[in-house]
2 protein chains.
Amino acid sequence: MIRNGTKETKRQHNELHILSAAEEIFAQHGYNGAPLELIAERAGLSKQNLLYYFPSKKLLYQKVLESVLDNWLEFMALLDQPGKDPATKLEHYIRGKIEFSRTRPNGSKVYANEIISGAPHLSNELKARLLQHLEADLKLVNVWIAEGQMDPIDPAHLFFMIWAATQTYADFSSQIEIVLGRSKLEASDFEDAAKFVTHVILKGIGIKN
Amino acid sequence: MIRNGTKETKRQHNELHILSAAEEIFAQHGYNGAPLELIAERAGLSKQNLLYYFPSKKLLYQKVLESVLDNWLEFMALLDQPGKDPATKLEHYIRGKIEFSRTRPNGSKVYANEIISGAPHLSNELKARLLQHLEADLKLVNVWIAEGQMDPIDPAHLFFMIWAATQTYADFSSQIEIVLGRSKLEASDFEDAAKFVTHVILKGIGIKN
DNA sequence: GTCTATAAGGGGATAGAC
DNA sequence: GTCTATCCCCTTATAGAC
């Protein structure tokens with residue numbers, strides 16, 4: 001058991017736990033308000049030990065951000081449903097983003113915080129990747145419009161609305177919980193949200209199906 | 001000019017400048033990341049002098065938050081348009097919230113940050129006022145549904161969507177600017193947003209007009 | 001009301017033993 | 001890889017002169 005594989009496993013194990021803890025603490029306290037000691041405690045090790053795995057707070061934060069963005073971009077793959085009609089594709093997209101809010105609310109909050117602050121830690125490379133994915137989706141919607149399959153709306157604003165209306169169930173969960181009288185949002189709440197957002201947006205842009 | 005009135009004017013003048021500067025700095029850096037010195041500098045006085053007007057950072061932040069919430073609640077007065085039809089009232093509501101995003105983006109960001117963090121500084125009194133206003137709006141929408149003036153959707157989710165879709169133009173402005181290719185959102189962008197959100201939501205919930 | 005000086009604590013990061 | 005000890009800066013807040 002002195003093989004290299006063992007060491008790698010332990011490092012990976014600890015790094016995963018640290019990243020998970022960091023996502024939670026950064027979401028709750030923001031970048032500046034999150035003490036490394038709290039993240040370390042949540043991950044089950046000391047602050048100094050955490051700094052052994054991630055040499056600086058900034059780097060740890062950027063790793064969290066990168067991981068969230070990767071996940072976010074996966075759900076932007078609106079085009080990856082060959083042969084389906086616009087209504088099915090859009091519903092798939094909306095449900096994917098709701099699912100992201102449900103399964104990774106802390107990641108969504110970290111990303112929201114970053115954008116609200118003016119994206120000071122977001123690399124140009126990540127921004128470019130985001131834009132690239134979006135461009136493809138915008139083009140597709142424009143094709144649907146040209147084909148008369150939906151109302152002639154501005155595709156960019158459509159995506160702003162989808163992102164906002166789906167991410168709010170993660171980012172603003174504390175407010176939504178109060179309004180709905182929940183201590184925590186349940187799976188059925190997310191299902192209600194998916195149904196509502198899909199219904200209003202598809203009907204609202206005049207999708208024919 | 002040794003009258004009390006003169007002193008009061010100066011105090012009010014400085015307090016207003018401090019609150020305005022604080023709203024901007026808190027929006028950009030979050031509560032923990034905003035140094036008092038930066039707020040003081042933006043307001044044109046020393047940190048110690050700022051602390052003369054606002055004895056603690058927490059209190060200053062709460063004053064900013066309270067001011068934003070008051071403004072937010074004004075725009076929730078959906079009912080204050082007696083005699084109008086549902087379509088007009090909802091459009092008025094949506095345009096009001098877009099206008100809030102346009103004219104007070106920093107306030108919107110401060111509020112967003114607070115909610116994302118779990119609303120640790122929001123007093124129960126403010127929460128209660130928010131809920132109270134909302135209850136009235138929810139009832140009104142339920143009446144419209146009962147009268148068959150719109151689709152039978154869940155009113156709570158309708159408001160979550162309106163809030164999210166309008167506030168995103170303030171909170172996520174840095175992202176929207178990148179997508180739209182703007183250095184800063186212009187009045188015409190907010191007009192486009194208002195038209196889009198109104199169109200999609202009114203049509204999406206089947207409002208008859 | 002405004003200034004200088006300073007207390008007091010938090011938190012990121014490093015050094016070095018084991 | 002993990003621990004103890006420590007450095008050092010930043011920031012909130014207070015004391016007290018003017």
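Chain letters run A, B, ... following the sequence lines, proteins first, then strands; residues in each count from 1.
Note: NZ (A:K57) to C1' (C:dG11) measures 8 Å, nearest angstrom. Rounded to whole Å, atom P of C:dG1 lies 11 Å from atom CD of B:Q12. To the nearest angstrom, C1' of D:dA13 lies 14 Å from CD1 of B:I39. Between the CG atom of B:N49 and the C1' atom of C:dT4 there is a distance of 13 Å, rounded to whole Å. Between A:N32 atom CG and C:dG12 atom C1' there is a gap of 12 Å when expressed in whole angstrom units. Distance CG (A:L36) to C1' (D:dC9): 15 Å, rounded to an integer number of Å. Taking atom CD on A:Q48 and atom C1' on D:dA5, their separation rounds to 9 Å, with Å as the unit. Between the C1' atom of D:dT12 and the CG atom of B:L38 lies a distance of 15 Å, rounded to the nearest Å.
A:H157 and A:F160 have perpendicular rings, their planes meeting at more than 60° on a 0 to 90° scale where under 30° would count as parallel. Between B:Y111 and B:W72, the two ring planes are tilted [angle within 30° to 60°].
In terms of polar N and O atoms assigned as donor or acceptor, the side chain of A:K10 never comes within less than 3.5 Å of the base of D:dG1 in a complementary pairing.
Heavy-atom neighbours of B:E186 CD from other residues, nucleotides or ligands within 6.0 Å: above the threshold of 12.
Side chains of B:H29 and A:Y31: a donor-acceptor N/O pair is absent below 3.5 angstrom, by distance only. Remark: the A:Y53 side chain and the A:H17 side chain contain no N/O donor-acceptor pair separated by less than 3.5 Å.
Listed pair A:Y52 / D:dG1 meets the phosphate criterion, a side-chain N or O lying under 4.0 Å from OP1 or OP2. Side-chain nitrogen and oxygen atoms of B:S46 include none within less than 4.0 Å of the OP1 or OP2 phosphate oxygen of C:dT2. Contact annotation: A:Y53 side-chain N/O to D:dT2 OP1/OP2 distance is under 4.0 Å. At D:dT2, one or more side-chain N or O atoms of A:N14 fall inside 4.0 Å of OP1 or OP2 (strictly under the cut-off).
Counting any heavy atom pair closer than 4.0 Å across all strands shown, B:A34 reaches sugar-phosphate atoms only and no base atom. Using a 4.0 Å heavy-atom distance criterion, A:L51 is classed as a base contact.
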